[in-house]
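Below: one structure, written as structure tokens.
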Amino acid sequence: MPEVNVLILDDEQSILDLCVRLFRNETYGAAVTKDYREALHIIETSDVKVVLSDNRMPGISGVDFLRLAKEIKPEAVRILFTGYADVQVAEDAINKGEVYRLLGKPFELQELRALVHESIERVDLVRQNRSLLESLQKRNAELEELSAKLKDMYESQQQLTYTVSHELRTPLALIKSSLDILDSDALGRLSDDQKCFVGRTRTGVERLGRLINDILDLAKFESGRMDLDFAMISPKEIVEDIIDMHTPLFRERNLAVIRKVTPDLPLMRADKDRLIQVFVNLLHNAMKFTLDGSVTIGAVLDNQEGIVFSVADTGIGIKQEDQPKLFEKFRQVGSPARKVGGTGLGLSICREIVRCHGGRIWLHSVPGEGSCFFFTIPLVSPPCG
Ligand code: ADP
């Protein structure tokens, strides 16, 4: 016996008999009765999706019966058989949501069958939608929980990075001062071999110190704990300062320095030390990867973006496919031979500093010809976030 999905209440035996014959071969079950109490019991105990009722019956009106049916199974489609005299009361019931559809008497059997099919499909669709919605809500809740967990994990990982890097600074400073004492011959003259070991240790300590500083900087930027010290500064002055700082290095490497700075550039709001950090990173990279030729430092005004700084070299260049990876953390591109002594964090830090000024950083590079890194600093920077 298929599950009862359709219930028909009518006091006319001939209608009930017709319905029994009509729904006999369907995949769903149909129950018929003249007794409204029995009808309510069936609705309560079966998976009734469609309730059909006559209106004029002894004991209860169809509208009142369907109202009770609605209380038991609100989602079931309620259909009222109506005669001409019932039209007004039936329309009121429709307006109150007690009745879903009217079927005027006398009705065609095919019309009744089509209406029942359509109603069952409707209820199935409503159920499907509801269960879809419920599973979406469940998935959403799971995703929210997962994202909160990830956030927690990320924050504790950040905290760990921060604490470990910070804690490493003290012993590192101790090693450095011990190396200074050894180097100063205060504990006796060092042999050439000993000096060589001290020198290598110093290089390692300095490298570790740079790495710790870079990691700390990035952790601060990423957690929004980096405080920038904004002031109005001159783009021209910053370029001159940076060139002064690096002149001995350029000479040592036999690299020409060219400046391309537009005269009378306006002041900009920036953190001078952090901007110098960006330039230092870019210039050190330029020098690392340029055996001969020149390094050009530029500053021009762009009406939309503010000051556009650039550091261009005539070095080995960077392959097109490697360029998008450069600003990722710990990324060093190209052959191992060219991974000269960096941490792979420099450009990530540059990007964070520039981002905190409201600017952007990008590059143009042609392998074998050189690279040019550009970054913008708006004249008025937003607060870092
Ligand atoms: P690193 O500390 O290793 O220099 P960066 O983030 O500053 O880290 O640079 C990442 C990588 O980008 C470098 O290791 C190098 O492969 C490439 N790169 C950066 N600047 C240049 C440049 N001017 N010319 C060629 N390659 C460069």
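In each ligand, atom 1 is the first atom listed, and ligand 1 is the first ligand listed. Start at 1 with the first residue, then count along the sequence.
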If we number the atoms of ligand 1 from 1 as shown, the ones under 4.0 Å from a heavy atom of Gly346 are 5 (P), 6 (O), 7 (O), 8 (O)
May I ask whether Ile318 and Val311 are part of the same hydrophobic cluster, defined by side-chain heavy atoms of I, L, V, M, F, W, Y residues being less than 4.5 angstrom apart, directly or through others? yes
Is a salt bridge present between Glu98 and Arg78, judged by a nitrogen-to-oxygen distance below 4.0 Å? no
salt_bridge(Lys236, Asp241) N-O dist < 4.0 Å: no
Nearest option to atom 12 (O) of ligand 1, as decided by whichever heavy atom of Leu326, Val311, Asp214 sits closest: Leu326
Between Asn285 and ligand 1, does any nitrogen or oxygen pair lie at a separation below 3.5 Å? yes
With a cutoff of 4.0 Å, is Asn281 in contact with ligand 1, counting heavy atoms of the residue only? no
So is Ser371 close enough to ligand 1, meaning a heavy atom under 4.0 angstrom away? yes
If you measure from each non-hydrogen atom of Lys288 to ligand 1, which part falls under 4.0 Å: side chain, backbone, both or neither? side chain
Where's the contact between Asp322 and ligand 1, heavy-atom distance under 4.0 Å: side chain, backbone, both or neither? neither
Proximal ligand 1 atoms for Gly344, defined as those under 4.0 Å from one of its heavy atoms: 1 (P), 2 (O), 3 (O), 6 (O), 8 (O)
Side chain to side chain donor-acceptor pair (under 3.5 Å) between Asp17 and Gln13: does it pass, once the steps are laid out? CA-CA 6 Å; Asp17 292 344; Gln13 188 60 44; 2.9 Å; yes
Side-chain H-bond candidate by donor/acceptor type, Tyr154 with Gln158, under 3.5 Å: yes
Indicate yes or no: does an N/O atom of Leu347 lie under 3.5 Å from an N/O atom of ligand 1? yes
Measure Phe327 to ligand 1 on non-hydrogen atoms and call it side chain, backbone, both or neither using the 4.0 Å cut-off. neither
Looking at Phe230, I'd like to know if the NZ or CZ of Arg269 sits under 6.0 Å from its six-membered ring centre while staying within 45 degrees of the ring's axis. yes
If only side-chain N and O atoms count, and only distance matters, is there a donor-acceptor pair under 3.5 Å linking Tyr36 with His41? no
